[in-house]
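First the structure, in the form of structure tokens, and then the observations on it.
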Amino acid sequence: SGQRPAPAAPPGRLQGEHLQLLLRRSREAKNCAYCPYSNFPVGAALLTADGEIFSGCNVENACYSLGVCAERTAIQKAISEGHTSFRAMAITSDMGDHFIVPCGACRQVMREFGTDWDIYLTKADGTYIVKRLEELLPLSFGPEDLKK
């Protein structure tokens, strides 16, 4: 018949319903964004190693520097509930022509919890690419470097 089975996802990579749930939760979080200054809503959904999902949105402030990104909101929620091991994060915005990417500060906060987890970067139409955190922040500084 000439048809080939779909290639298997790399070990640990999300598939099917689990991935769709993570992407949906990031979209739902985006709808809660408080962004009256930038009008740039972002949502993130973080999957812990034990299968829980914590979502977050960006929350801006009239004192601009006090705003917080969706990715850090999701991480802080997970940490505050006792989770420190993560498998994946999905990030969503309304950008149509480009995949949303985390800012440098978020990449460093994500890096605190390892480099070997997946980040799903989406467009407004739901298409996505996936990157390992180590691809988004190469040659990074982390907790283990303080012990050298």
Side-chain angles (χ1 to χ4, degrees), residues 6-30 32-35 37-61 63-148:
R13 191 138 290 171
L14 293 179
Q15 292 180 278
E17 293 179 16
H18 297 289
L19 174 55
Q20 291 309 313
L21 176 62
L22 192 68
L23 293 168
R24 189 181 84 232
R25 291 284 302 276
S26 71
R27 289 190 303 270
E28 291 169 351
K30 176 181 66 80
C32 294
Y34 178 77
C35 52
Y37 309 108
S38 71
N39 294 308
F40 191 81
V42 179
L46 177 65
L47 178 65
T48 67
D50 59 357
E52 287 196 53
I53 295 176
F54 290 87
S55 60
C57 62
N58 53 324
V59 180
E60 295 180 350
N61 191 283
C63 181
Y64 290 175
S65 64
L66 297 181
V68 66
C69 299
E71 301 91 328
R72 284 180 279 156
T73 299
I75 289 171
Q76 290 164 355
K77 285 171 68 175
I79 296 296
S80 70
E81 297 294 328
H83 300 272
T84 57
S85 183
F86 308 127
R87 285 186 57 201
M89 177 180 280
I91 309 168
T92 304
S93 76
D94 289 335
M95 288 199 305
D97 296 332
H98 302 281
F99 293 102
I100 183 71
V101 294
C103 74
C106 285
R107 294 176 198 213
Q108 184 63 45
V109 170
M110 295 157 106
R111 167 61 180 91
E112 181 74 11
F113 305 98
T115 60
D116 59 344
W117 45 297
D118 290 327
I119 313 300
Y120 291 82
L121 310 171
T122 71
K123 288 184 184 179
D125 66 5
T127 58
Y128 65 86
I129 56 174
V130 59
K131 299 286 186 184
R132 300 297 279 174
L133 184 56
E134 61 196 350
E135 293 178 86
L136 296 178
L137 191 65
L139 303 174
S140 63
F141 181 87
E144 65 281 357
D145 292 306
L146 295 174
K147 299 174 181 152
K148 292 179 180 173

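Quick note: residue numbers are just sequence positions, from 1.
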Side chain to side chain contact (heavy atoms under 4.5 Å, CB included) against Lys131, all qualifying residues, sequence neighbours excluded
Leu121, Ile129, Glu135, Leu136
Salt bridge check, Arg111 against Glu71: does any charged N sit closer than 4.0 Å to a carboxylate O?
no
Between Cys32 and Cys57 the two heavy atoms that sit nearest each other are O-SG, 3.5 Å
Side-chain heavy atoms of Phe86 within contact of Met110, under 4.5 Å:
no
Measure from the side-chain N and O atoms of Arg107 to the backbone N and O of Pro102, and report whether any donor-acceptor pair falls under 3.5 Å.
yes
If only atom types and distance count, is the side chain of Ser93 paired as donor or acceptor with the main-chain N or O of Val42 below 3.5 Å?
no
To the nearest 0.5 Å, what is the distance between CZ on Phe113 and OG1 on Thr48?
13.0 Å
Would one find more than 12 heavy atoms of other residues, nucleotides or ligands at under 6.0 Å from atom CD of Glu17?
no
Just jot down the side chain to side chain contact (heavy atoms under 4.5 Å, CB included) partners of Cys103, sequence neighbours excluded, or say none.
Cys69, Arg72, Ala105, Cys106
Passes side-chain contact (heavy atoms from CB on, under 4.5 Å), Ile53 versus Leu22? Steps please.
CA-CA 7 Å; Ile53 295 176; Leu22 192 68; 4.1 Å; yes
Take Thr127 and Phe99 through the test side-chain contact (heavy atoms from CB on, under 4.5 Å) and record every step on the way to the result.
CA-CA 8 Å; Thr127 58; Phe99 293 102; 4.0 Å; yes
Of all residues at least two apart in sequence or in a different chain, which pass the ring-ring contact (aromatic ring centres under 6.0 Å, His included) check with Tyr37?
Tyr64
Check the surroundings of atom NE2 in His83: do more than 12 heavy atoms from other residues, nucleotides or ligands lie under 6.0 Å from it?
yes
Checking the side chain of Gln108 only, and the main-chain atoms of Phe141 only, is there a donor and an acceptor separated by less than 3.5 Å?
yes
Nearest-0.5 Å distance that lies between atom CG in Asp94 and atom CZ in Arg27:
12.0 Å
Measuring only between side-chain heavy atoms, which start at C-beta, is Ile100 closer than 4.5 Å to Thr122?
yes
Which of Lys30, Arg25, Lys123 passes side-chain contact (heavy atoms from CB on, under 4.5 Å) with Thr92? Answer is Lys30
Show the nearest heavy-atom pair for residues Val109 and Ile75, with the distance to one decimal.
CG1-CD1, 4.0 Å
Determine whether a donor-acceptor pair (N or O, by modelled atom type, separation under 3.5 Å) exists between the side chain of Asn58 and the backbone of Cys35.
no
So, does Ser26 use its side chain to make a donor-acceptor pair with the main chain of Ala45 at under 3.5 Å?
no
Quick one: does Arg132's side chain have a donor or acceptor within less than 3.5 Å of a partner on Asp116's backbone?
yes
Does the pair Arg24/Glu28 count as a salt bridge with the N-to-O cut at 4.0 Å?
yes
Greater than 12 external heavy atoms within 6.0 Å of Asn39's CG
yes
Heavy-atom nearest pair, Gly56 first then Thr73, reads CA-CG2, 3.8 Å
Would a 4.5 Å heavy-atom cut-off, applied to side chains only, mark Gln76 and Phe54 as touching?
no
What is the distance from atom CG of Leu133 to atom CG of Leu137, rounded to the nearest 0.5 Å?
6.5 Å
List the atom of Ser55, the atom of Lys77, and the distance in Å for their closest heavy-atom pair.
O-NZ, 2.7 Å
